[in-house]
Amino acid sequence: DMGNFSEGVELHRRALDARERTLGKEHPETLQSLSHLALALHNMGHLSEAEELQRQALDAKERILGSQHPSTLRSIERLADLLQDLGKESEAAELQKRAAVAP
């Protein structure tokens with residue numbers, strides 16, 4: 001039901017806003033909220049907004065947590081899935097390779 005997805009997106013937006021205010025924009029939990037919002041938008045078919053947010057989350061996670069952190073690797077996989085849905089197969093394949101070589 002799309003109504004439930006819409007409510008889910010709104011809840012993720014509120015959680016992100018609250019975490020940005022209380023923890024800061026680059027706190028790992030804030031970045032997790034950003035990634036969850038992007039995933040919810042992806043599930044609703046809002047692919048361009050989801051891509052923008054997932055890229056923001058991934059960039060910050062790589063900088064703050066490192067490229068091999070499990071949360072960073074999940075963001076790589078999520079962005080790869082999203083890019084696949086957007087028809088950006090070559091970029092998606094590159095990201096999938098990056099995630100696959102992680103220890």
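Values below: all heavy atoms of this structure, side chains included; hydrogens, waters and symmetry mates excluded.
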Rounded to the nearest 0.5 Å, what's the gap from CD on Glu77 to CD on Gln96? Could you check?
9.0 Å

Partners meeting side chain to side chain contact (heavy atoms under 4.5 Å, CB included) with Asp85 (sequence neighbours left out):
His42, Leu47

Who pairs with Glu94 by side chain to side chain contact (heavy atoms under 4.5 Å, CB included), at least two apart in sequence or on another chain?
Lys97

At what distance, to the nearest 0.5 angstrom, does NZ of Lys25 lie from CG of Leu34?
9.0 Å

Least distance between heavy atoms, Ala38 atom then Leu53 atom:
CB-CB, 3.8 Å

Write down the atom of Thr72, the atom of Gly66, and the distance for their closest heavy-atom approach.
OG1-O, 2.9 Å

Any chance you could measure Leu86, atom CG, to Gln84, atom CD, to the nearest 0.5 Å?
10.0 Å

Checking side-chain hydrogen bond (donor to acceptor under 3.5 Å, both in side chains) for the pair Ser35/Arg78: CA distance, chi angles, key distance, verdict?
CA-CA 9 Å; Ser35 186; Arg78 287 178 179 159; 3.1 Å; yes

Heavy-atom nearest pair, Val9 first then Ala40, reads CG2-CB, 3.8 Å

Shortest non-hydrogen separation from Ser71 to Leu65 and the atoms involved:
CB-CD1, 4.0 Å

Residues in side-chain hydrogen bond (donor to acceptor under 3.5 Å, both in side chains) contact with Arg55, at least two apart in sequence or another chain:
Glu51, Glu91

Using a side-chain heavy atom cutoff under 4.5 Å and only I, L, V, M, F, W and Y, what cluster partners does Leu23 have?
none

Which residues pass the side chain to side chain contact (heavy atoms under 4.5 Å, CB included) test with Arg14, sequence neighbours left out?
Glu10, Leu11

Indicate the atoms forming the closest heavy-atom contact of Leu73 with Ala99, along with that distance.
CD2-CA, 4.3 Å

With Leu41 as reference, evaluate Gln54, His36, Arg13 under the side chain to side chain contact (heavy atoms under 4.5 Å, CB included) test and give the passing residue.
Arg13

Apply side-chain contact (heavy atoms from CB on, under 4.5 Å) to the pair Glu26 and Thr30, showing each step before the final yes or no.
CA-CA 6 Å; Glu26 296 200 332; Thr30 305; over 6 Å; no

By side chain to side chain contact (heavy atoms under 4.5 Å, CB included), Leu31 pairs with (sequence neighbours left out) Ala60, Lys61, Ile64

At what distance, to the nearest 0.5 angstrom, does CZ of Arg74 lie from CG of Leu58?
12.5 Å

Quick check on the hydrophobic clustering: are Leu39 and Leu79 connected, directly or via other members, by side-chain heavy-atom contacts under 4.5 Å?
no

For a quick test of reading the model, state the closest non-hydrogen atom pair linking Ala92 to Ala80 and the distance between them.
CB-O, 3.4 Å

Looking at Asp17 and Arg21, is any side-chain nitrogen of the basic one under 4.0 Å from a carboxylate oxygen of the acidic one?
yes

